[in-house]
Amino acid sequence: MGCTKMVSRQFTGITRSTEAVLEHVGDAAWITRMSYAANGQAETPKQSGGPLQGLRFAVKDNMDVLGVATTAGCPTFAYAAREDAQVVHRLLEAGASLEGKTNLDQFACGLNGTRSPYGAVPNAFNPAYVSGGSSSGSAYVVATGQVDFALGTDTAGSGRVPAGLNNIVGLKPSRGLISARGVVPAAQNVDCVSIFARTVAVAADVLRACMGYDDADPFSCRVPMASQALPASFRFGVPNALNFFGDALAEAAFAQAIQNLTRLGGQAVTIDYAPLAQAAAMLYESALVSQRYAAVQPFFDVHEADVIEPVRSIIAKGRQYSAADYIHAEIELKRLEKQAERMWQQMDVLLVPTAPTHYTIAQMQADPVVCNRNLGQYTNFVNLFDYAALSVPSQIRADGLPFGITLIGRAGSDWQLADLGQRYHHATGLLQGATDVPLPEPRVIADLQTPATIRVAVVGAHLSGMPLNQQLTARGARLVGSVHTAPDYRFFALPNSQPPKPGLLRVEAGQGAPIALEIWEMPVAHYGSFVALIPAPLGIGTLELADGSTVQGFLCEPQALIEATDITHFGGWRAYIASIAVNTST
């Protein structure tokens, strides 16, 4: 049933009376869609100009939007907001256009997207599977391209699990970095407003626009932000105990993710996951669950019957604990946090699966507590220990479902995670969300101070995992991404070269083919020593890429190719080396 309300919204320099048409639509991802009419013309009011001009966004329906009902996924709870949540206000001031409010697990209690009277939100890749929650609708509308970004909230993983299950980016900032004023809390002292986008760069733009101290939010913080990117050679932690709940495809995908991160300059370090797992269990299995009850106590005590299961039972469980129980739980949590602190002596960033498996909606509804708990296997502890986290897509599995990884850092590491996460995401070559749109060129995370660098294209023995790659990594170079040349090159295997090397030659238009290569970024201070290692007949010249841009890269002198083997039809060095390995084995 639709409803119509008169709404007066005010923006800098603009005061406009508008008719906001609010509808409960068939798409379970939305609770409210908004359209604005001014003088008979459809228009979405927005600030003119601003860093987010032209971007459309949605907000999870536990956030206030002036004149629109905030439901938190519970119709009986609904109230008309008298002002925008602070984060919504900042985004509108930055020029973004609000499209509506999205479905969620009721009272943000769940990680699966099925706990809502407005319907279960399906997975963007296969509607039989869950979307992940509680920010289910926000993730879905981003993944399907209905908006450019969306806000969620994250207490136990609600800003990450839906991202991982839908092939999008989920940025969970350091606690208190974004004001939560005007957001219905789930567990107020650990809640975070989170950001969904199809690229890390957009998520970073949104964070930059909406972050900031708010003295009207008791949990707002002035977070000291790391200003240096992670080193080119960095250490990433991998849990010593991994559980994928029988999902072999997820297990294989995470093993591949470890290799992918290693190619970016990382070194895997095994860490003790026990204190993290114990803290994760405490969120729902200790007196900490009383935070859920405290968040909605006045409503819940009167309208308990209007809350759906299993949300009702989870919230009601919070009543059984005493103040002493809660203090004991907080002390135990601090003890575990001290234990976990040791792992940061071994690593710069922690790598975990965003979610260990996928469940169908039917599976989730048949066993809602256990399946939901399993989805939070690698997320529940993050806010309890005040870490920052970024979920990025990693691959599309053989069954067509997405697999994502999460990079976790200490509070204030948000820009570092964005930089590394963008490099990882763009190296996968995946499409954006559930759309057919390729990833754009990565953008510099402007909030980080970086030394002067130069980009160089490599095509053979310097590729990641190849024998001479250490000549790059030893000089602080890092992998930017994988691309192809323009279709005007021929590719040769040079005779008598050790280790085996190829030669790349530019030819007349129509006489060549695109050749796969990697772009590496190296500090300018080390570039000269790298070039000095390159033996004749190879050298550095200007390569044209498939998109028409140019980059410095390896070329070969034509006379050296007279006795070389033309391997252009392989399309790249990896494919050629793989063919040699096959022929040798047979």
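If you read the sequence from its start, that first residue is 1, and numbering goes on from there.
Salt-bridge formation is detected for the pair R478/D419: a Lys NZ or Arg NE/NH1/NH2 atom is positioned less than 4.0 Å from an Asp or Glu carboxylate oxygen. Between K60 and D105, no side-chain nitrogen of the basic residue sits less than 4.0 Å from a carboxylate oxygen of the acidic one, so the salt-bridge criterion is not met. We find that D205 and R443 are joined by a salt bridge, their nearest charged nitrogen and carboxylate oxygen being less than 4.0 Å apart. A salt bridge links R198 with D148: the closest approach of a Lys/Arg side-chain nitrogen to an acidic carboxylate oxygen falls below 4.0 angstrom. For E521 and R455, the salt-bridge test passes: some basic side-chain N is under 4.0 Å from an acidic carboxylate O. Salt-bridge check for E341 with R410: passed, with a basic side-chain N closer than 4.0 Å to an acidic carboxylate O.
Side-chain contact, T485 with E544: no donor N or O sits under 3.5 Å from an acceptor N or O.
The aromatic ring centres of W573 and F554 sit 6.0 Å or more apart. Residues F491 and H569 keep their aromatic ring centres 6.0 Å or farther apart.
In this structure, R475 forms no cation-pi arrangement with W520, as its terminal cationic atom is not both closer than 6.0 Å to the ring centre and no more than 45° off the ring axis. In this structure, R222 is positioned above the aromatic face of Y213, its NZ or CZ under 6.0 Å from the six-membered ring centre and within 45° of the axis.
Separating the CG atom in L430 from the CG atom in N167 is a distance of 5.5 Å, to the nearest 0.5 Å. We find the SG-CG distance between C210 and L151 to be 6.5 Å, quoted to the nearest 0.5 Å. Remark: L111 CG to S131 OG distance equals 10.5 Å, nearest 0.5 Å.
Aromatic ring orientation, Y273 versus F381: perpendicular (interplanar angle above 60°, classes split at 30° and 60°).
In terms of heavy atoms, N383 sits closest to D154 at ND2-O, 2.8 Å.
A 4.5 Å side-chain heavy-atom check between P162 and F196 finds at least one atom pair inside the cut-off.
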